[in-house]
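Beneath this line is the structure, given in structure tokens, with notes to follow.
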Amino acid sequence: MASFRLTRLIVYDLITEFLRKPFHENVTETLEDGSTETYIEIKGVGLRYWIGELLSCHWCTGIWAAAILYVGYELYPAVAMPVTTILAIAGIASLIQHVFIKD
């Protein structure tokens with residue numbers, strides 16, 4: 001659950017948009033029916049493009065998030081466990097909200 005929440009925090013949440021901004025360009029298009037669609041274009045080449053791809057893919061970021069949490073647990077368990085617990089609780093809350101509150 002902690003990896004799930006950390007991944008969503010990095011890839012989707014507004015609060016971490018500053019991390020994605022150097023690598024993503026938000027593009028808004030007006031469709032023929034008058035509605036708008038917003039998507040991202042990845043900036044740059046090489047390492048910058050690779051990081052942009054990573055930050056736009058929840059599957060890719062999920063692997064790195066899990067690895068970071070694991071390494072943190074192995075190297076600094078006193079710090080990593082509270083962070084992991086908080087992220088896991090937030091992940092469970094996110095799932096509960098998604099299941100029970102339909103927008």
Side-chain angles (χ1 to χ4, degrees):
M1 290 309 302
S3 177
F4 162 76
R5 187 62 196 110
L6 182 58
T7 299
R8 292 205 51 91
L9 180 68
I10 294 168
V11 176
Y12 299 111
D13 286 358
L14 186 60
I15 195 169
T16 56
E17 187 174 2
F18 73 96
L19 294 174
R20 298 182 303 271
K21 192 171 181 131
F23 308 100
H24 293 167
E25 180 73 35
N26 289 323
V27 177
T28 303
E29 285 187 359
T30 303
L31 305 177
E32 291 179 11
D33 67 358
S35 64
T36 60
E37 183 175 293
T38 302
Y39 60 93
I40 63 166
E41 287 185 357
I42 299 171
K43 298 177 183 178
V45 295
L47 182 61
R48 184 177 184 191
Y49 188 85
W50 182 81
I51 293 170
E53 282 284 340
L54 177 69
L55 293 175
S56 67
C57 172
H58 63 269
W59 298 108
C60 305
T61 303
I63 291 171
W64 288 102
I68 289 167
L69 291 170
Y70 177 74
V71 169
Y73 174 75
E74 288 295 321
L75 297 178
Y76 305 103
V79 174
M81 282 309 298
V83 170
T84 301
T85 302
I86 290 167
L87 287 169
I89 293 167
I92 292 167
S94 176
L95 286 178
I96 291 170
Q97 180 181 11
H98 181 72
V99 168
F100 292 107
I101 300 174
K102 301 295 180 181
D103 290 332

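These numbers were taken from a predicted model, which means no experiment stands behind them.
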Which pairs count as side-chain hydrogen bond (donor to acceptor under 3.5 Å, both in side chains) when at least one residue sits in residues 39-49, sequence neighbours excluded? Glu29-Tyr39, Tyr49-Glu53
Which value, rounded to the nearest 0.5 Å, describes the distance between Leu87 atom CG and Leu69 atom CG? 6.5 Å
In the hydrophobic clustering (ILVMFWY, side-chain contacts below 4.5 Å, transitive), which residues join Trp59, or is it alone? none
May I ask you to decide if Gly91's main-chain N or O and Arg8's side chain share a donor-acceptor pair within less than 3.5 Å? no
Partners of Ile40 by side chain to side chain contact (heavy atoms under 4.5 Å, CB included), sequence neighbours excluded? His24, Asn26, Ser56
Suppose clustering is done on Ile, Leu, Val, Met, Phe, Trp and Tyr with side-chain heavy atoms closer than 4.5 Å. Which residues sit in the same group as Leu19? Phe18
Which residues, ordered by chain and number, are linked to Met81 in its hydrophobic cluster, where ILVMFWY side chains connect at heavy-atom gaps below 4.5 Å, directly or through other members? Tyr73
If you look at every heavy atom in Pro77 and Pro82, which pair is closest and at what distance? O-CD, 4.2 Å
Are Ile101 and Tyr12 connected in the hydrophobic side-chain network, where two residues link if heavy atoms are under 4.5 Å apart? no
Interatomic spacing from CD in Glu37 to CG in Leu31 - rounded to 0.5 Å: 5.5 Å
Holding to side chain to side chain contact (heavy atoms under 4.5 Å, CB included), I want the full list of residues that pass it with Ile96, two or more places apart in sequence or in another chain. Ile92, Phe100
Any donor-acceptor pair under 3.5 Å linking the side chain of Thr61 with the backbone of Val11? no
Residues joined to Ile89 in its hydrophobic cluster, side chain to side chain under 4.5 Å directly or through other members, sorted by chain and number, are none
Checking Leu95 now: which residues fulfil side chain to side chain contact (heavy atoms under 4.5 Å, CB included) with it, not counting sequence neighbours? Met1, Phe4
So, does Thr7 use its side chain to make a donor-acceptor pair with the main chain of His58 at under 3.5 Å? no
May I have all residue pairs that pass side-chain hydrogen bond (donor to acceptor under 3.5 Å, both in side chains) and include part of residues 75-95, sequence neighbours excluded? none
Salt bridge (Lys or Arg N to Asp or Glu O under 4.0 Å) partners of Arg5, counting only residues at least two apart: Asp13
Could you give the distance from CD1 (Ile86) to CG (Leu6), rounded to the nearest 0.5 Å? 12.5 Å
Going by side chain to side chain contact (heavy atoms under 4.5 Å, CB included), name the residues that satisfy it together with Ile51, two or more places apart in sequence or in a different chain. Phe23, Leu47, Leu55
Results of side chain to side chain donor-acceptor pair (under 3.5 Å) for Thr36 - residues two or more places apart only: none
Using the six-membered ring wherever Trp is involved, compare the ring planes of Trp50 and Trp64 and label them parallel, tilted or perpendicular (cut-offs 30° and 60°). perpendicular
